[in-house]
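Data first, discussion second: the structure below is written as structure tokens.
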Amino acid sequence: MDIDVTIVGGGVVGVAVAAALARPERVVLLIERNARLGLETTSRNSGVIHAGLYYAPGSLKARLCVEGRRALYRFCEERGVPHRRLGKLIVAADDEEALRLEAIRERARANGVERLDVLDARGVVALEPKVRGLAALHSPDTGIVDALALVAALWREAQDGGAEVVLGTEVVGLDWIAGGWRVTSATQGGGISAHESRIVVNAAGLASDRIAALAGIDVDAAGYRLHPIRGDYFSIARAKSARVSRLVYPVPPAVGHGLGVHWTLDLEGRARLGPDATWLARRDEGLPPIDAAKRARFLDGARRLFPFLELDDLTPESSGIRPSRRAPGAGEQDFVVAHEEVRGLPGLVNVIGIDSPGLTACLAIAAEVRAQLAVAGRI
Ligand SMILES: Cc1cc2nc3c(=O)[nH]c(=O)nc-3n(C[C@H](O)[C@H](O)[C@H](O)COP(=O)(O)OP(=O)(O)OC[C@H]3O[C@@H](n4cnc5c(N)ncnc54)[C@H](O)[C@@H]3O)c2cc1C
């Protein structure tokens, strides 16, 4: 074998896996189809370090979010990655929503979330005077992180361990051969090359189901097919951005996907509203511009909690696509982190369906990949 570990995909998960597996005595190669690391979903999200409030107890999402959040704060503090533990409110705008806060509180408790305070309407105003709400949950351990700075710090760590990267190169073939995998890649110039690798980690984000299919897995039978869900953001006028100092979320919608359009802040204090959730009809639709007509819909929803907003305060900003395993009408879906030895594909680890909270969980996902390979005696 030419290579010990090949990682397909240089988003935050692939780079975290590279950092976790890199050792001077092990040849680790990361392959990324774009010209730089972290250009896809990793840099098109809310940038929130989630506490672990929402996810089904016992799920990988719940465990890896809580473990990942703790590890991520530690990593950011030690490596100087810009981040802020600014806290978050989940605000109920009516009685029915106030009742649903209790279910979130139960999940948070079951997931081992350390701190979560219950607020009445006066408590909401005391923390966020411009936000309107009947009741809320306050999570002091929710924060924000600069995702690209995180990718850069993780990649430095991977390089220090001896990992190498090939950019502008797409993995197009994955064939089982005795003792490992033949990985075929295509460069943007059209060149084709192949190498042999003992281990392959599929961290290809929106293309991770396709990579699994290249390895011969029936992605429908395995439950690996992705159903990408687009989310759009609107920026908030600078003058209004400063009116809210924490992340503010609604109670998640009872139907549909996502946590609900929320108020996010970046490290410079710029506020955005988003993301909504629209399943993409076609996989390769790309990201056409945000439909400006959505502005009124965003405003309608947002004014329940942020009555000071006006239509002119919202400007279409950016979009991201969630690599979700959840089909329209289906229930919540978990992350997949699976060493495929049980399918007769030893040395292949699939990391699939890493939608939110994948940024938060990246270090824990990487630790899980390493643990599964170690248990199988592969590393
Ligand atoms: C709208 C939105 C909001 C979100 N908000 C949050 C949040 O606030 N907090 C949070 O924790 N999470 C959030 N998430 C989820 C988070 O962004 C993702 O879980 C995370 O970025 C996934 O990282 P990744 O490395 O798996 O994927 P990606 O960043 O997509 O990386 C995969 C990489 O693989 C590469 N690739 C694909 N195919 C190939 C191939 N054949 N060969 C070589 N390279 C290939 C791609 O180019 C890409 O760079 C959000 C997601 C979205 C869309």
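Only this structure's heavy atoms are used, side chains among them; waters, hydrogens and symmetry mates stay out. Counting starts at 1 for both ligands and their atoms, in listed order.
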Test: [X] and [Y] ion pair at under 4.0 Å:
X: Arg74; Y: Glu77; result: no
X: Glu128; Y: Arg243; result: no
X: Asp220; Y: Arg225; result: yes
X: Arg26; Y: Glu164; result: no
X: Arg100; Y: Glu97; result: no
X: Asp334; Y: Lys61; result: no

Could you tell me whether a side-chain N or O of [X] sits under 3.5 Å from a main-chain N or O of [Y], the two making a donor and an acceptor?
X: Ser43; Y: Gly38; result: yes
X: Ser324; Y: Gly353; result: no
X: Asn45; Y: Gly320; result: no

Show me which atoms of ligand 1 lie under 4.0 Å from any heavy atom of [X].
X: Pro275; result: 1 (C)
X: Arg322; result: 52 (C), 53 (C)
X: Gly47; result: 8 (O)
X: Ile354; result: 18 (C), 19 (O), 22 (C)
X: Ala203; result: 32 (C), 34 (O)
X: Ala207; result: 37 (C), 38 (N)
X: Ile31; result: 43 (C), 44 (N)
X: Pro357; result: 10 (C), 11 (O), 12 (N)

Mind checking whether [X] contacts ligand 1 via backbone (N, CA, C, O), side chain (CB onward), both or neither, at a 4.0 Å heavy-atom cut-off?
X: Leu37; answer: neither
X: Ile49; answer: neither
X: Arg44; answer: backbone
X: Ile211; answer: side chain

Give the residue, atom name and distance (to 0.1 Å) of the protein heavy atom nearest [atom].
atom: atom 1 (C) of ligand 1; answer: Tyr233 OH, 3.6 Å
atom: atom 27 (O) of ligand 1; answer: Gly205 CA, 3.8 Å
atom: atom 47 (O) of ligand 1; answer: Glu32 OE2, 2.7 Å
atom: atom 36 (N) of ligand 1; answer: Arg33 NE, 3.6 Å
atom: atom 13 (C) of ligand 1; answer: Ser356 OG, 3.5 Å
atom: atom 24 (P) of ligand 1; answer: Val13 CG2, 3.8 Å
atom: atom 50 (C) of ligand 1; answer: Asn45 CB, 3.3 Å
atom: atom 31 (O) of ligand 1; answer: Gly11 CA, 3.3 Å

* Asked: Among Tyr249, Tyr233, Phe234, Phe298, whose ring-ring contact (aromatic ring centres under 6.0 Å, His included) with His262 holds?
  -> Tyr249
Looking only at heavy atoms, which two atoms of [X] and [Y] are closest? And how far apart?
X: Arg70; Y: Gly112; value: NH2-O, 3.4 Å
X: Cys362; Y: Val12; value: SG-CG2, 3.8 Å
X: Glu25; Y: Asp4; value: O-OD2, 4.1 Å

Is [X] close to ligand 1, meaning an N/O of one under 3.5 Å from an N/O of the other?
X: Val171; value: yes
X: Ala361; value: no
X: Asn34; value: yes

* Determine, for Phe306 and Arg132, whether the Lys NZ or Arg CZ falls below 6.0 Å from the six-membered ring centre while staying within 45 degrees of the axis. =>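 The answer is no, since Arg132 fails at least one limit relative to Phe306.
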* Nearest option to atom 21 (O) of ligand 1, as decided by whichever heavy atom of Leu39, Thr42, Leu72, Leu259 sits closest ->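 Selected option, by shortest heavy-atom distance: Thr42.
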* Asked: So which of Val48, Ile365, Leu359 gets nearest to atom 9 (N) of ligand 1, if we judge by its closest heavy atom?
  -> Val48
* May I ask whether Val172 has any heavy atom positioned less than 4.0 angstrom from an atom of ligand 1? => no
* Please walk me through it: do Ser319 and Asp232 pass side chain to side chain donor-acceptor pair (under 3.5 Å)? -> CA-CA 4 Å; Ser319 310; Asp232 293 336; 2.8 Å; yes
